[in-house]
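Heads up: the structure comes next, in structure tokens.
Any value given below was found using the heavy atoms of this structure, including those in side chains, with hydrogens, waters and symmetry copies removed. We number each residue from 1, following the sequence as shown. We count ligands from 1, going down the list as the structure has it; atoms in each ligand are counted the same way. Nothing here was measured: the structure is a model prediction, and the numbers come from that model.
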Amino acid sequence: MVPKISTLGGYIFEYQKSITNPTGFWTNIAESFYWRKKWDTVLDWNFTEPSIQWFINGKLNITENIFERYLFHRGDQPAIIWEPNDPNEEFVTLTYHQLFERVKKFSNVLLSHGVKKGDRVAIYMPMIPELPIAMLACARIGAIHSVVFGGFSAQSLSERIQDAGATLLVTADGGYRGSKTIPIKEIADEAMDHCSCVKTAIVARRTGEQVNMVAGRDLWWHDLEEAASPVHKAEEMDSEDPLFILYTSGSTGKAKGLVHTTAGYMVYTAYTFRNVFQYSDGDIYFCSADIGWVTGHSYLLYGPLLTGATTLMFEGIPTWPNAGRYWEIVDKHKVNQFYTAPTAIRSLMALGNEWLDGKHLGSLKVLGTVGEPINEEAWHWYHDHVGKNRCPIVDTWWQTETGGIMISPLAGIIPTKPSFATLPMMGVHPVILDANGKELHGNSVEGNLCINYPWPGMARTIWGDHKRFRDTYFSTYPGHYFTGDGAKRDEDGYYRILGRVDDVINVSGHRLGTAEIENAINGHPLVHESAVVGFPHPIKGQGIYAYVVCTEFSTGGEEGIRTSVLKTVSKFIGPFARPDKVQIVTGLPKTRSGKIMRRILRKIAENQVDNFGDTTTLLNPEIIDELLEGAKRLNGN
Ligand code: WT7
């Protein structure tokens with residue numbers, strides 16, 4: 001088990017050690033895992049190519065560090081508690097032993113369908129136990145999993161499958177989310193129509209609805225699992241062999257497939273999980289994220305299971321059948337640590353405190369948040385009403401790229417401050433730079449957040465495009481990893497994350513590139529051009545505001561275009577990326593060089609009516625009045 005820090009003095013001491021002697025520090029942590037062969041060199045790196053390698057020439061399998069390592073004393077302990085969407089359906093508990101049996105069987109299923117070490121397996125599933133089983137089976141045989149969130153459209157799924165070159169897809173007949181049934185297989189079928197690389201699809205049964213099974217391609221999970229042998233020896237992996245690819249949005253172009261490798265990711269997620277949440281043996285830990293996002297990968301699945309924890313996985317949504325669903329789960333399973341997103345907290349807060357009444361939340365010890373800045377009001381509500389003033393809140397800042405938590409309190413150890421992620425994790429060296437790349441030393445400074453030194457959990461490349469990896473993260477400020485976030489270091493040296501400084505927006509904790517939404521909108525035949533910006537939204541954090549240039553309308557007029565723009569975005573990306581506001585315009589404010597002046601669009605979306613700054617470089621300054629008029633009508637004021 002990785003060591004656990006238990007005092008503030010311990011944190012300060014260990015943090016110093018991790019910065020002055022990072023390789024010594026991480027050697028010590030890595031020693032607590034099971035290696036087939038230990039590494040020769042702890043770290044080799046440069047941020048110019050960039051090239052980052054940890055635990056060089058080490059040999060291991062991450063699933064041996066979950067199963068074989070724990071089996072003697074944890075075989076009968078619950079590994080995963082699966083809570084279904086419908087509270088009237090029975091929950092399922094998989095002990096470490098039972099989960100291991102199913103993972104080994106599914107490993108054999110994958111092998112018998114020709115999946116080899118290094119092959120990519122795409123996973124498009126609802127939140128059912130077969131999802132983590134499929135991921136762990138991939139890891140066990142050395143296949144690289146690429147999980148695509150079940151809310152993405154066929155188009156997005158097929159782009160991701162093709163980019164990764166996946167040969168096998170694991171999916172399900174359908175999924176439940178609140179009162180809705182999602183036709184997962186139908187969407188997967190449409191995606192597979194456009195990707196010839198997928199030879200086999202394995203379909204888990206969840207809803208029991210009639211689905212189209214293509215002969216020679218589609219197979220039922222349960223038939224295969226039943227026939228499979230439970231004997232399987234894990235593949236030997238190199239420390240730097242890829243473990244998974246996970247796609248995320250950037251400020252330009254299509255989604256990027258971030259690549260995480262085996263050993264560094266394992267060491268980092270296990271260490272941060274145990275220390276941030278202060279997990280103790282026997283605790284029940286509940287992370288509400290979907291496994292399709294990095295939070296689900298690192299802190300629903302890998303971090304907890306590598307710690308021998310019991311992790312609770314919930315299929316449904318916080319507001320169905322009512323807004324007390326999370327608290328009912330906490331009460332029913334006696335949850336000790338609960339990790340969710342600010343957007344969920346804000347939406348539950350808005351629905352009233354009565355949903356907490358009668359729920360016994362006394363088991364809770366730690367509350368966590370992730371994915372977007374948490375406003376003070378939401379922080380206090382969470383602290384006072386959910387945590388009853390007894391539970392520390394860990395506001396954890398990190399990214400798909402970082403693999404694990406980077407800046408966060410250690411629960412109960414680092415004193416918290418509402419809306420501050422507080423202090424860096426062991427081995428993390430944050431710096432704040434001004435627009436010219438000059439480092440701002442000392443406290444009470446604000447600027448662009450960068451990281452100075454590699455940490456084991458960081459992504460190593462973008463799948464198939466190392467140049468893009470360098471250009472995106474290592475070229476803005478040479479010698480530093482650039483996060484894309486703005487941050488402030490206050491008078492106490494505490495970090496507060498201010499949000500993205502690039503064209504990425506964060507909507508209900510979902511990360512979206514404005515360019516990808518624009519591309520989707522531009523797919524509409526009557527749209528000439530569009531520009532998307534974020535605006536402050538009381539529940540979602542940021543809402544999506546789309547300016548759509550359109551001069552010719554079909555029969556439905558402006559309203560008709562609005563509706564079909566929303567449909568287009570659903571089709572190209574997924575329903576969660578639909579704009580909150582669509583303003584139809586005749587043009588966009590552009591400079592003489594043809595650049596859209598987004599600053600003006602942001603201000604108008606924020607309901608500001610003047611102070612547009614210098615507009616002398618605008619080619620068409622008269623457009624501002626039209627935009628303001630239209631915005632007024634749209635907002636009804
Ligand atoms: C972006 C990364 C990390 C897992 C989920 C999101 C924002 C994340 C916080 C926080 C303020 C946060 C940042 C970051 N973000 N956590 N605690 N406070 N902002 O992963 O989809 O890769 O998004 O989420 O802007 O860059 P992601």
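Counting protein heavy atoms only, atom 18 (N) of ligand 1 is closest to E372 O, 3.4 Å. Looking only at heavy atoms of the protein, atom 27 (P) of ligand 1 is closest to T400 OG1, 3.5 Å. Closest protein heavy atom to atom 23 (O) of ligand 1: R511 CD, 3.4 Å. Atom 16 (N) of ligand 1 has as its closest protein heavy atom G371 N, 3.1 Å. Annotation: atom 3 (C) of ligand 1 to nearest protein heavy atom, W398 O, 3.1 Å.
Ligand 1 has no nitrogen or oxygen under 3.5 angstrom from a nitrogen or oxygen of V370. Residue T483 has no N or O atom closer than 3.5 Å to an N or O atom of ligand 1. For ligand 1, the polar-atom distance check against T295 finds no nitrogen or oxygen pair separated by under 3.5 Å. The distance criterion of under 3.5 Å between nitrogen or oxygen atoms is met by T396 with respect to ligand 1. Considering backbone and side-chain N/O atoms, D395 comes within less than 3.5 Å of an N/O atom of ligand 1.
With 3.5 Å as the limit, one finds a donor-acceptor pair spanning the side chains of Y495 and R489.
Counting heavy atoms under 4.0 Å from ligand 1, residue Q399 touches it through both backbone and side chain. Contacts of I497 with ligand 1, taken as heavy-atom pairs under 4.0 Å, involve the side chain alone. Neither the backbone nor the side chain of I374 comes within contact range of ligand 1; no heavy atom lies under 4.0 Å.
By the 30° and 60° cut-offs, the orientation of the rings of F474 relative to F47 is tilted.
Screening T396, I393, V394 for a side-chain contact (heavy atoms from CB on, under 4.5 Å) involving T369 leaves a single residue, I393. A side-chain contact (heavy atoms from CB on, under 4.5 Å) with H385 is found for one member of L356, L348, I345 and no other, namely L356.
Cation-pi geometry between R496 and F420 is met: the NZ or CZ atom falls under 6.0 Å from the ring centre, inside 45° of the normal.
Contact detail for Q278 and I5: the closest heavy-atom pair is NE2-O, 3.1 Å.
Remark: Q53 pairs with no residue by the side-chain hydrogen bond (donor to acceptor under 3.5 Å, both in side chains) rule, at least two apart or across chains.
Rounding to the nearest 0.5 Å gives a distance of 9.5 Å between CD1 of I317 and OG of S347.
Under a 3.5 Å cut-off, the side chain of T63 and the backbone N or O of I66 do not form any donor-acceptor pair. Of the possible polar contacts, none joining the Y453 side chain to the P22 backbone as a donor-acceptor pair under 3.5 Å is found.
In summary, the atoms of ligand 1 found under 4.0 Å from a heavy atom of V294, numbered by their order in the structure, are 4 (C).
Around atom 26 (O) of ligand 1, the closest heavy atom drawn from N506, V501, D485 belongs to D485.
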